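Following: one structure in structure tokens, then a few remarks.
Side chains included, hydrogens not; waters and symmetry mates left out as well; all remaining heavy atoms used. All of these numbers come straight from a predicted model, not from anything done at the bench. Throughout, numbering of the chain's residues begins at 1 and tracks the sequence.
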Amino acid sequence: MFGTYRPSTEEKGIPIALIGPEPMIPVMLQAMKSFPSFVPVTGAYANLEEAVQRTRDLMDRVEVILYSGPLPYQVCHDRVQLRVPAHFVPLNGSGLYRSLFRAERLGRLGAMSVDTLTRQPFVKTFRELGQSLPELTFYAGRDPVDAEAMVRFHAEQYAQGNTAIALTALRSVSLKLSELGVPNEWVLPTEQDVIVALERALLSTESRRSKESQIVVGLIDVDGFRKAADLRKSEHDVQRLKLDIHRMMLEYAETLEGHLTPLGGDEFLFVTTRGTFERHTGGYKYIPLAKLAQDTFTLSLSIGIGFGRSAHEAGSHARMALRRAKDAGGGISFIVREDESVIGPLEMAEPLSAGLSLLDAALIRKAEEAGLTQTYMSRVVAQLTRTGKTDYNVHELASVLGVTVRSTHRLLTQWMDAGLVKVAGEERGRAKGRPKQIYRFSFLDDLLRR
């Protein structure tokens with residue numbers, strides 16, 4: 001019986017949790033021999049409830065988790081807030097081949113009841129074998145991981161003479177069916193399947209490590225500083241304000257374990273690492289510094305954050321992000337990533353009613369080709385973030401974009417032709433005349449945070 005394997009303190013490598021039924025652990029450990037970078041920590045389980053407990057026990061001791069199949073992954077993903085990357089070994093053709101071979105040797109390669117697997121791998125496998133597809137009955141219960149319901153399903157199909165054998169992805173179901181005298185095969189991954197999954201897991205940890213130490217450059221612009229300075233009674237008070245703001249920036253850089261450089265005027269630059277920045281922004285969701293500036297000095301901040309594969313690239317992206325924030329009217333923050341895709345706006349001094357998780361680089365290029373410049377897009381995104389509004393009549397949109405109604409009509413035509421905007425309806429005002437059309441920025445729908 002397999003327990004939990006604990007690496008010794010002398011072992012060096014990337015700790016990985018291998019979570020699966022007891023018979024799968026030796027298969028996973030055998031595949032692990034091809035990956036000297038990994039240090040395995042095993043978590044064998046007898047049922048899915050134990051898989052959840054193994055995940056909780058091991059999660060904080062490893063850098064990545066590999067589940068033996070999609071079912072334990074799904075259950076643990078739903079019930080545990082995973083704090084490390086998690087992967088599963090897929091049930092594909094090789095595992096199915098083995099089960100079908102065993103079924104044929106038993107003389108039961110006929111009608112089958114199936115759980116977990118879909119029809120597609122069967123179609124592909126039998127086509128490759130040059131055989132006709134047998135009659136298949138798939139489990140369609142409401143709960144895809146209800147083992148008892150699966151057992152009843154397979155047993156009823158066999159008792160009614162509808163099937164010759166049951167194929168299941170759960171060992172507990174297979175054991176129970178065997179007790180009931182129902183012929184069955186447990187479809188489990190092969191060693192090669194595990195190797196492929198381990199390659200993905202290794203890539204995720206190496207990518208994670210690289211990003212954790214990646215340089216992040218931030219540019220902070222103090223909005224309306226001149227106006228605030230003009231309200232001070234003396235030059236002494238203005239200098240004190242500057243010192244207080246500088247002190248606030250230094251303290252913020254210290255919380256990020258970073259370095260701060262005043263750029264003159266009202267702008268500051270900070271450098272930190274991506275891992276630290278991610279933790280202090282709740283996963284790129286909010287900038288606590290902005291609320292502090294608002295509460296302490298009644299000042300808003302425009303912040304641009306740049307990620308990059310080099311310090312130069314990160315700095316260039318930070319300037320792009322700050323320009324986007326200023327174009328949106330200030331008091332807002334954006335992140336420009338390595339591929340020039342955009343995250344944001346991030347939450348600032350006030351809670352946001354809506355936000356965008358990511359503006360894809362390809363979408364940005366498509367929008368710019370249609371005349372939806374980064375300035376216009378930033379203003380629309382900022383308005384969406386502050387109000388949740390995606391629908392406008394032409395006068396409202398002209399006000400948001402800062403252009404004339406005539407120019408707005410021209411731009412809308414271009415954006416509709418590109419599929420970025422659609423007519424969402426009409427509205428009638430109090431005055432007589434034709435109703436006003438309502439335009440919706442449809443490309444934003446899929447980008448709203450869930």
Verdict with supporting geometry, Tyr67 and Thr55, side-chain hydrogen bond (donor to acceptor under 3.5 Å, both in side chains): CA-CA 10 Å; Tyr67 294 95; Thr55 300; 2.9 Å; yes
Asn184 and Tyr158: CA distance, side-chain angles, deciding distance, side-chain contact (heavy atoms from CB on, under 4.5 Å) verdict: CA-CA 10 Å; Asn184 69 89; Tyr158 181 73; over 6 Å; no
Worked verdict on Met248 versus Leu289 for side-chain contact (heavy atoms from CB on, under 4.5 Å): CA-CA 8 Å; Met248 177 185 68; Leu289 175 66; 3.8 Å; yes
Ser300 vs Asp223, side-chain hydrogen bond (donor to acceptor under 3.5 Å, both in side chains): CA-CA, chis, key distance, verdict: CA-CA 5 Å; Ser300 65; Asp223 299 324; 3.0 Å; yes
Arg54/Glu50 under side-chain contact (heavy atoms from CB on, under 4.5 Å): CA gap, chis, key distance, verdict: CA-CA 6 Å; Arg54 296 290 181 272; Glu50 288 187 8; 3.8 Å; yes
Check against side-chain contact (heavy atoms from CB on, under 4.5 Å), Asp193 and Thr190: CA-CA 5 Å; Asp193 296 332; Thr190 63; 3.1 Å; yes
side-chain hydrogen bond (donor to acceptor under 3.5 Å, both in side chains) between Asn162 and Gln160, worked out: CA-CA 6 Å; Asn162 298 332; Gln160 294 169 9; 3.0 Å; yes
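Phe38 and Phe35 have tilted rings, their planes meeting at an angle from 30° to 60° on a 0 to 90° scale. Phe277 and Phe307 have perpendicular rings, their planes meeting at more than 60° on a 0 to 90° scale where under 30° would count as parallel.
Atom-to-atom distance recorded for Ser113:OG and Met150:CE is 11.5 Å, nearest 0.5 angstrom. For the atom pair Leu180 CG and Arg152 CZ, the distance stands at 11.5 Å (nearest 0.5 Å). Here the CG atom belonging to Leu96 is positioned 14.0 Å from the CZ atom belonging to Phe101, to the nearest 0.5 angstrom. Summarising the geometry, atom OG1 belonging to Thr281 is positioned 8.5 Å from atom CD1 belonging to Ile305; distances are rounded to the nearest 0.5 Å. Taking CZ of Arg337 as the reference point, atom NE2 of His317 lies at 11.0 Å (rounded to 0.5 Å). Atom-to-atom distance recorded for Ile19:CD1 and Met28:CE is 8.5 Å, nearest 0.5 angstrom.
For the pair Leu82 and Ala86, the tightest heavy-atom approach, listed with the atom from each and the gap, is CD1-CB, 3.7 Å. Nearest heavy atom pair, residue Ala318 against residue Val217, reads CB-O, 3.4 Å. Nearest approach of Phe126 to Ser132, heavy atoms of both residues: CD2-O, 3.6 Å. The minimum heavy-atom distance linking Leu58 with Ala17 is given by the pair CD1-CB, 4.0 Å. Annotation for Pro26 and Glu22: closest pair CD-O, 3.2 Å, computed over non-hydrogen atoms. A pairwise comparison of heavy atoms in Ala147 and Leu170 identifies CB-CD1, 4.3 Å as the closest pair.
Using a 4.5 Å heavy-atom cutoff, the side chains of Glu63 and Val84 are not in contact. A 4.5 Å side-chain heavy-atom check between Leu71 and Phe88 finds every atom pair outside the cut-off. Counting heavy atoms from C-beta on, the side chains of Leu299 and Ile245 come closer than 4.5 Å. Considering only heavy atoms from C-beta on, Leu66 comes within 4.5 Å of Leu18 through its side chain. For the pair Leu263/Leu219, a side-chain contact is recorded, criterion being any heavy-atom separation below 4.5 Å from C-beta on. With a 4.5 Å cut-off on side-chain heavy atoms, Tyr439 and Met416 count as touching. Side-chain contact between Val222 and Leu301: present, with at least one pair of heavy atoms (C-beta onward) separated by less than 4.5 Å. Residues Val182 and Gln157 fail the side-chain proximity criterion, which asks for heavy atoms closer than 4.5 Å.
The pair Glu191-Lys33 does not count as a salt bridge, with every side-chain nitrogen at least 4.0 angstrom from each carboxylate oxygen. Between Asp327 and Arg324, no side-chain nitrogen of the basic residue sits less than 4.0 Å from a carboxylate oxygen of the acidic one, so the salt-bridge criterion is not met.
Looking at residues two or more places apart in sequence or on another chain, you find no salt bridge (Lys or Arg N to Asp or Glu O under 4.0 Å) involving Arg105. Applying the side-chain contact (heavy atoms from CB on, under 4.5 Å) criterion to Glu128, with sequence neighbours excluded, gives Tyr97, Lys124.
Taking the six-membered ring for Trp and the full ring otherwise, His154 and Tyr139 have centroids separated by 6.0 Å or more.
Between the side chain of Glu313 and the backbone N or O of Arg309 there is at least one donor-acceptor pair closer than 3.5 Å. Checking side-chain atoms of Gln214 against main-chain N and O of Gly308 turns up a donor-acceptor pair under 3.5 Å.
Each of Arg102, Arg98, Arg108 was checked for a side chain to side chain donor-acceptor pair (under 3.5 Å) with Glu185, and the lone residue meeting it is Arg102.
Side-chain contact, Ser204 with His87: a donor N or O sits under 3.5 Å from an acceptor N or O.
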